[in-house]
2 protein chains.
Amino acid sequence: MLLNPRPDPAPSAHDRVYRGLRGRIMHGELAPGLALTLRGIGAEFDVSMTPAREAVRRLSAEGALTISSSGRVSTPELSNERIEELVALRALLEVELASRALPRAHIALIERLQSINSRIAEDIARQDAVAYIRRNLEFHRTLYLRAQTPAMLAMAETVWLQLGPTMRALYGRLRRKDPPHYHRLIISALKAGDEPGLRLAVRSDVTQGLRMLVT
Amino acid sequence: MLLNPRPDPAPSAHDRVYRGLRGRIMHGELAPGLALTLRGIGAEFDVSMTPAREAVRRLSAEGALTISSSGRVSTPELSNERIEELVALRALLEVELASRALPRAHIALIERLQSINSRIAEDIARQDAVAYIRRNLEFHRTLYLRAQTPAMLAMAETVWLQLGPTMRALYGRLRRKDPPHYHRLIISALKAGDEPGLRLAVRSDVTQGLRMLVT
DNA sequence: TGGCGGGTTTCGTGATCACAAAAGAGGAAT
DNA sequence: ATTCCTCTTTTGTGATCACGAAACCCGCCA
């Protein structure tokens, strides 16, 4: 028996479109309020309208896209109230995820987090907002994977997805020079096995950018 | 200008299908592991396969349906680990929702909750599992609506949706005779403005059924 | 009695098409 | 210069169809 030769020999068309769009939205490559068309998406991924529509509908179910009453598709423009709510959700879910990951966080994981963190510093030096967002989410996901709670992680990723376009608008405006301070606090708390400190550090890291978002 | 005469003159076909299936799943009218077909769904709602497929894909994105590698659609059969995780998510989200609703809970709301609660007692006496589940969720939704946090409420409903078929299997097995004890505790805590008591009561109510679920 | 083939039916996928509604462009009237 | 109207283009919706693969049924063989 071959071990995992290619478990996905023929990925379906709608899944390719879904994954492609999802990545761009989550990583902030699409500005808020950007209009999309089914035919355009289909042409871009070289498929017909049918799989494009399925991908769009799935993404709108996850809050990654909004569909107007007339069916027009666009990236969401979030109100301040909704942004605050989504940040509160991030805090709620991610504090729990970090807390559950803590007892399973070995030294190898911590080293991996430090490695990601140093690459975040490079992205900041390069002023690459998209790479920064992607790497920042990789930092969080790497930690939360250790919680072994896939449904909870999926919910957190759904929140990231909804905040994607808005985060781009934020970090494009923000001229950051230093890597995120609270990431170092998270790593320290992990090393020390300090759960209250970890919860506070994660909450602070998630909440930190909120002040600049609310205009 | 007419005030809200009929803001929805022509509901789209896929939305009708989506809402119909979603209600049945959330209220436990479909057993876990039940197989569905796109053509069957289309025939039932009198539409073609296209809107049926969109509705199914949206529901699978929300975890209300599972799609096998060959594309077959069925209601999910949850493992014990996933059930525990979803119950933990319910506790996390709903405790927060209740806490946010507390300062806005006027007497009219509390009376409405009591009214729903007494109707739950009737459903129990009638041994009507579906009505019981629906009314129980109505109790929780009525409270959480006061939190004025639509994204958070939507996440909680998504969790209910995923647990729908499993809850049916549980409450069908369980021969309950008394209305849920913790609902009375929730109402008492609301009356007293007792936030810690409210959080504990909600958490207990959500967690209570778990013991029987895990075989 | 229990497992194994082979043919048949059923099913999901994705492309295409007709239709209606919405958006956009461009000019005329004020 | 601005508003309004009309014609054209663009867009989403839903039905239909061909195709390939998966599931099913039923009889055969051990």
Side-chain angles (χ1 to χ4, degrees), chain A residues 1-2 5-22 24-25 30-77, chain B residues 1-2 5-22 24-25 30-77:
Chain A
M1 186 221 303
L2 291 179
R6 239 332 164 187
D8 200 19
S12 56
H14 74 263
D15 217 55
R16 271 187 24 240
V17 179
Y18 168 75
R19 266 194 258 273
L21 285 179
R22 179 185 146 104
R24 289 197 216 166
I25 294 170
L30 271 49
L34 181 69
L36 300 176
T37 66
L38 297 183
R39 286 175 175 88
I41 294 169
E44 185 165 359
F45 289 88
D46 212 56
V47 296
S48 80
M49 296 176 58
T50 310
R53 220 177 357 161
E54 294 177 36
V56 162
R57 225 169 269 293
R58 180 165 175 193
L59 287 165
S60 83
E62 296 171 349
L65 291 174
T66 55
I67 300 188
S68 78
S69 60
S70 67
R72 298 311 223 264
V73 183
S74 60
T75 52
E77 298 183 280
Chain B
M1 186 219 302
L2 290 180
R6 241 332 164 186
D8 201 21
S12 56
H14 75 262
D15 216 55
R16 270 187 24 240
V17 179
Y18 168 76
R19 266 193 257 273
L21 286 179
R22 179 185 145 104
R24 290 197 215 166
I25 295 170
L30 272 47
L34 181 70
L36 301 175
T37 66
L38 297 183
R39 286 175 173 90
I41 294 169
E44 186 166 355
F45 289 88
D46 211 57
V47 297
S48 80
M49 296 175 58
T50 310
R53 220 171 4 155
E54 294 177 36
V56 162
R57 224 168 269 293
R58 181 167 174 189
L59 287 165
S60 82
E62 295 171 350
L65 291 174
T66 55
I67 301 188
S68 78
S69 60
S70 68
R72 297 313 223 263
V73 183
S74 59
T75 52
E77 297 183 279

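Order of the sequence lines fixes the chain letters, A, B, ..., with proteins taken first and strands second; residue numbering starts at 1 for each chain.
- Taking 4.5 Å as the limit, some side-chain heavy atom of Leu36(B) sits within range of a side-chain heavy atom of Leu34(B).
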Could you tabulate the donor-acceptor pairs under 3.5 Å formed by side-chain atoms of residues 50-59 of chain B, not counting sequence neighbours?
| residue | atom | partner | partner atom | Å |
| --- | --- | --- | --- | --- |
| Arg53(B) | NH1 | Glu54(A) | OE2 | 3.3 |
| Glu54(B) | OE1 | Arg57(A) | NE | 2.4 |
| Glu54(B) | OE1 | Arg57(A) | NH2 | 3.2 |
| Glu54(B) | OE2 | Arg53(A) | NH1 | 3.2 |
| Arg57(B) | NE | Glu54(A) | OE1 | 2.4 |
| Arg57(B) | NH1 | His14(A) | NE2 | 2.9 |
| Arg57(B) | NH2 | Glu54(A) | OE1 | 3.2 |

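- For the pair Val73(B)/Thr37(B), no side-chain contact is recorded, criterion being any heavy-atom separation below 4.5 Å from C-beta on.
- Taking the C1' atoms of five terminal pairs at each end of the helix from dT1(C)-dA30(D) to dT30(C)-dA1(D), the two resulting helix axes are inclined by 30°, rounded to 10°.
- Of the residues in residues 37-51 of chain A, Val47(A), Ser48(A), Thr50(A), Pro51(A) come within less than 4.0 Å of DNA chain C through at least one heavy atom, sorted by number.
- Under a 3.5 Å cut-off, the side chain of Thr75(A) and the backbone N or O of Gly33(A) do form a donor-acceptor pair.
- When the side-chain nitrogen and oxygen atoms of His14(A) are compared with OP1 and OP2 of dG14(C), one or more of them lie within a distance under 4.0 Å.
- When all heavy atoms are compared, the tightest approach of Ala13(B) to Val47(B) is CB-CG1, 3.8 Å.
- The span of DNA chain D lying next to chain B, judged by atoms under 4.0 Å from heavy atoms, is bounded 5' to 3' by dG14(D) to dA23(D).
- The separation between Arg53(B) atom CZ and dG14(C) atom C1' is 7 Å, rounded to whole Å.
- The minimum heavy-atom distance between Pro76(A) and Pro32(A), with the atom names listed, is O-CB, 3.5 Å.
- Shown here are the side chain to side chain donor-acceptor pair (under 3.5 Å) partners of Thr66(B), two or more places apart in sequence or in another chain: Ser74(B).
- Remark: Ser70(A), Arg72(A) in residues 65-75 of chain A come within less than 4.0 Å of DNA chain C through at least one heavy atom.
- Applying the side chain to side chain donor-acceptor pair (under 3.5 Å) test to Ser68(B) and every residue at least two apart in sequence or in another chain returns Ser70(B).
- Legend: salt bridge (charged side-chain N to carboxylate O under 4.0 Å, His left out) pairs involving residues 38-51 of chain A, not counting sequence neighbours, sorted by first then second residue: Arg24(A)-Glu44(A).
- For residues 56-63 of chain B, proximity to DNA chain C is found at Arg57(B), defined as any non-hydrogen atom under 4.0 angstrom from a strand atom.
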